[in-house]
There are 2 protein chains.
Amino acid sequence: MNNGRFATALHILTLLEIKKEELLSSEFIANSINVNSAVVRKEIGNLRAHKFIESKEGKGGGYTLGKPASQIHLSEVYKSVNETPLLGRSNDPNPDCPIGKQINGHLKELFTAADETFLKQLGKITVRDFAKKFK
Amino acid sequence: MNNGRFATALHILTLLEIKKEELLSSEFIANSINVNSAVVRKEIGNLRAHKFIESKEGKGGGYTLGKPASQIHLSEVYKSVNETPLLGRSNDPNPDCPIGKQINGHLKELFTAADETFLKQLGKITVRDFAKKFK
DNA sequence: CATACTGTAACAATAGTTATTACAGTACAA
DNA sequence: TTGTACTGTAATAACTATTGTTACAGTATG
């Protein structure tokens, strides 16, 4: 992590909100983001598992939001693409060193606290709020 | 980014604070973190550029903090190892798409705001606070 | 001048991320 | 009932980022 998945996911959700009267195809979405359509379908697979998106298979199929954009908080989107907390990566310190032995516990505590603050901030914004900026 | 550099840097600074009466060698530090000593020297090169650490070359040389641990805020440490804001990675969306054209601007705004919140939280904690947990 | 360090560069190895290809499955519509 | 246009998903390749390794010049010390 820090990959571009959050940006991709938010782009997808924003498009679906802005064009909510239509079913959008992975091809159309991929063209806007400028990535491969299989990447879009994969990311949508994840977003669908989280109920943010519904899909319709077959000819004329495509995607719509799975719930009102005003009910999708960016914190949820973030968590759906990144289970590891921010800063999450630690080392494998030497367990024979008194400091090394303890540090990961303390780091985890710190990371968790910072992560909560961060998510709280993202939780104040919904896909609807974000999409409004485009109108 | 999200590499382990923040964890490494904080580990180094914590060791220096806890053993502040001694000069620590890169070898000693590397042993505690369980990484190669050249990696430690490299990371310290960066931390020294930010005045968090002072070094002494030559035989009997090593490292000490460059300022009191109570004056080193974790937000500064974070920024010294990661210039990109959290979430920073975007895509290269299609400039011919009206949404794609605008999205990076809006994303950047969002990322910056979330980043500030995050750094504000880390700014409340100093290396001294963190090191105290080990006593 | 031998020794024990740091500083740094060049490069190798590993891991993480994204792109590509392919194709089975599904719905629609003639 | 068959062609068409989609989704779903797996396999895998290409790329990029990160970390590790080796090497050695430079520096302070005794």
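Every value quoted in this text rests on a predicted model; they were computed, and no experiment measured them. Throughout, a chain's letter reflects where its sequence line sits, starting with A, and its residues are numbered from 1.
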> Do the side-chain N and O atoms of B/Thr126 and B/Asp129 include a donor-acceptor pair separated by under 3.5 angstrom?
Replying inline: yes
> Side chains of B/Ser32 and B/His11: does their closest heavy-atom pair fall under 4.5 Å?
Replying inline: yes
> Side chains of B/Val77 and B/Phe130: closer than 4.5 Å at any heavy-atom pair?
Replying inline: no
>> Give me the atom names and distance for the closest heavy-atom approach of B/Leu13 to B/Val127.
In response: O-CG1, 3.9 Å
Round to a whole Å and report the spacing from [atom1] of [X] to [atom2] of [N].
X: B/His11; N: D/dT19; atom1: NE2; atom2: C1'; value: 17 Å
X: B/Phe6; N: D/dT18; atom1: CZ; atom2: P; value: 16 Å
X: B/Asn91; N: C/dA19; atom1: CG; atom2: P; value: 7 Å
X: A/Glu54; N: C/dT26; atom1: CD; atom2: C1'; value: 17 Å

> Do the charged groups of A/Glu76 and A/Lys79 touch, with an N to O distance under 4.0 Å?
Replying inline: no
> For the residue pair B/Phe118 and A/Phe118, does the interplanar ring angle fall in the parallel (under 30°), tilted (30 to 60°) or perpendicular (over 60°) class?
Replying inline: perpendicular
> In terms of ring plane angle, is the pair A/His106 and B/Phe134 parallel, tilted or perpendicular, where the classes change at 30° and 60°?
Replying inline: perpendicular
>> For the helix from C/dC1-D/dG30 to C/dA30-D/dT1, what angle separates the axis at the start from the axis at the finish, each from five pairs, in steps of 10°?
In response: 10°
> Which of residues 20-47 of chain A have a heavy atom under 4.0 Å from DNA chain C?
Replying inline: A/Val35, A/Asn36, A/Ala38, A/Val39, A/Arg41, A/Lys42
> If each of A/Lys56 and B/Lys56 is mapped to the nucleotide of DNA chain D with the nearest heavy atom, which maps nearer the 5' terminus, i.e. the 5' end?
Replying inline: A/Lys56
> Name the one of A/Ser25, A/Ser55, A/Ser26 that satisfies side chain to side chain donor-acceptor pair (under 3.5 Å) with A/Arg41?
Replying inline: A/Ser26
>> Any residue in residues 57-66 of chain B with a heavy atom nearer than 4.0 angstrom to DNA chain D? Just list them by number, or reply none.
In response: B/Glu57, B/Gly58, B/Lys59
> Can you tell which of C/dG7, D/dT7, C/dT18 lies closest to the side chain of B/Arg48?
Replying inline: C/dG7
[X] side-chain N/O to [Y] backbone N/O, donor-acceptor pair under 3.5 Å:
X: B/Asn31; Y: B/Phe28; result: no
X: B/Gln121; Y: B/Thr117; result: no
X: A/Asn91; Y: A/Pro93; result: no

